[in-house]
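Below is one structure; the comments refer to it alone.
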Amino acid sequence: MIAALLRILLILLPLTTATALARDTDYYKQRRDRLLSMLDRREAALIPGAWEKELETFRQSNNFYYFTGIEQPNLLLLIAPAARSREVLFLPAHNLEDGSMSEAWTGSKLGPGSATEQATGIAKAAEKGTFETAFAALAGELDRLYFDCVPAGIGGPKSGAQVLLETIHGRYPHIRILPLSRLTDSLRILKDSVEIATIARAVDITGQALVEAIGAVEAGMFEYEVEAMIEYGFSRRGSQRPGFPSIAGSGPNTVTLHYNENRRRMEPGELLLMDVGAELDYYTADITRTVPVDGRFTDRQRQVYETVLAAQQAAIEVVKPGVTLREVHAAASAVIADAGFGKYFIHYTSHYLGMDVHDAGSRDEKLRPGMVITVEPGIYIPEETLGVRIEDDVLVTENGSRVLSRDVPGTVGEIEKLMRSGR
Ligand SMILES: [Mn+2]
């Protein structure tokens, strides 16, 4: 029986690798239709996918993946109510020649034509060289173009999307170009059941990797060893990559919010702050734990830690539909201020979580079921080189909230017990 199933899987495998999407084509079609319904006839949306870079692992851009599910470089998606075909995917022609970018080297790809239309559910799959003509035919009717542009680093080379944006702007100055996020933020802020399950799994992976690493931490180790253990824990559970650079900061580095060099040797008596998140199928977790390097909190560390934990619990209790992130932040801030640490809480308590670690959404938005946020108060005392942050991932539900990372040890007792068991 199992052998027969395996045989069927082996037969199916070659068929599915080149073309299959992670979900069925309708899943993405519904998203494109919603975007289409937000546009009037004088508007269009242009979404470039990520460009291919040699010797770099490809990762699709979030919005392109959100609307297509396609993991392939150098694509363009045009959605325009006034166009003959209201959704067109532009793809490079098949590259079958020799060379490092050929499909013989990089694997077979989707190309223009009906096979791609079938495989992706996108109405029209055209050769990328025809984009300019197609856009020129439409441009006269357009007032506004929503464009998704992730700028390259400051002073660095321009991204392919930037070059495209400048070309369109130069050629069609009458078209106002607006960020696509104006339309997509309101879609991406609400997670459907597939997205919630994916985030929950990314959270589980992150928590399990953290538990393993915390159990192995001891004085004398280097921060990068902790980072390596955590990221190994992600990979061996199927995470494709960390969702953001892992932070493993000890002693003085616990007070640097986005420290990610992770080169320092950890000394006895110090704290270690780990702020990490596994990415799974384009969704990331974001969890922070702070632990004593030698397994026991000092009295002072415990005092600060329990204040942060109390602030976090107060903030989580506030989370429910109708509340804003400002109110969540106020609840955490009040606890920290009452304990006399007000000036040492130097960042915001929450952000939205999803495909981006700092996902779309405003602080004034009223929470609704299906939103996922972090709750992460902290206290950072530079003169004592003592920083504590505790971060969990919280789903807003009909009645309140569910802490997706609730199984990750978080109290002083739980952490000390876990560290005793590891040695
Ligand atoms: Mn965070």
Side-chain angles (χ1 to χ4, degrees), residues 62 185 188-189 191 195-196 198-207 209-210 213-214 226-227 230-231 234 239 241-249 253-262 271-280 282-291 305 308-309 311-316 318-319 324-333 336 344-363 365 367 371-380 387-396 401-410:
N62 284 333
D185 282 8
R188 278 180 48 187
I189 197 170
K191 274 73 179 176
E195 293 175 291
I196 290 166
T198 308
I199 294 171
R201 178 75 190 125
V203 166
D204 285 347
I205 290 172
T206 306
L210 262 172
I214 291 169
V226 178
E227 174 189 22
I230 292 171
E231 294 186 3
F234 292 174
S239 155
R241 57 187 80 81
F244 55 92
S246 301
I247 295 172
N253 297 331
T254 59
V255 300
T256 306
L257 296 188
H258 283 176
Y259 171 81
N260 57 25
E261 290 163 26
N262 306 344
L271 291 177
L272 167 68
L273 185 155
M274 293 154 287
D275 184 344
V276 296
E279 181 181 296
L280 184 71
Y282 286 79
Y283 290 83
T284 190
D286 185 9
I287 303 177
T288 306
R289 287 294 181 268
T290 307
V291 306
Y305 190 94
V308 176
L309 191 63
Q312 195 206 26
Q313 277 160 358
I316 289 172
V318 167
V319 177
T324 69
L325 292 189
R326 289 186 195 281
E327 293 167 76
V328 178
H329 180 61
S333 301
I336 290 175
Y344 297 114
F345 181 22
I346 51 177
H347 58 77
Y348 210 66
T349 303
S350 297
H351 55 82
Y352 296 95
L353 185 66
M355 302 184 90
D356 287 304
V357 62
H358 294 165
D359 215 38
S362 118
R363 292 171 181 179
E365 188 99 30
L367 294 179
M371 292 182 180
V372 180
I373 64 168
T374 65
V375 180
E376 50 173 316
I379 293 175
Y380 312 89
V388 172
R389 177 162 69 252
I390 308 170
E391 175 176 32
D392 284 279
D393 301 337
V394 180
L395 168 70
V396 183
S401 74
R402 180 153 58 93
V403 181
L404 299 174
S405 45
R406 63 191 176 282
D407 292 340
V408 188

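One-based numbering along the sequence shown. Indexing begins at 1, ligand by ligand and atom by atom, following the structure's order.
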Testing the basics here: between [X] and [Y], what is the closest heavy-atom pair and its distance to 0.1 Å?
X: Ser246; Y: Glu227; result: CB-CG, 4.1 Å
X: Ala314; Y: Ala331; result: O-CB, 3.9 Å
X: Ala278; Y: Thr206; result: N-OG1, 2.9 Å

- Neighbouring protein N, O or S atoms of the Mn ion (ligand 1) [cut-off: under 2.8 Å, no waters]: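 As for protein N, O or S atoms lying under 2.8 Å from the Mn ion (ligand 1), they are Asp286 OD2, His351 NE2, Glu376 OE2, Glu391 OE2.
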- Message: Can you tell me how far apart CD (Glu279) and CD1 (Ile199) are? Round to the nearest 0.5 Å.
- Response: 11.5 Å
- For Arg406, salt bridge (charged side-chain N to carboxylate O under 4.0 Å, His left out) partners two or more places apart: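 Applying salt bridge (charged side-chain N to carboxylate O under 4.0 Å, His left out) to Arg406 gives none.
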- Query: What do the steps show when you test Glu376 against Asp286 for side-chain contact (heavy atoms from CB on, under 4.5 Å), and what is the final call?
  - Reply: CA-CA 10 Å; Glu376 50 173 316; Asp286 185 9; 4.2 Å; yes
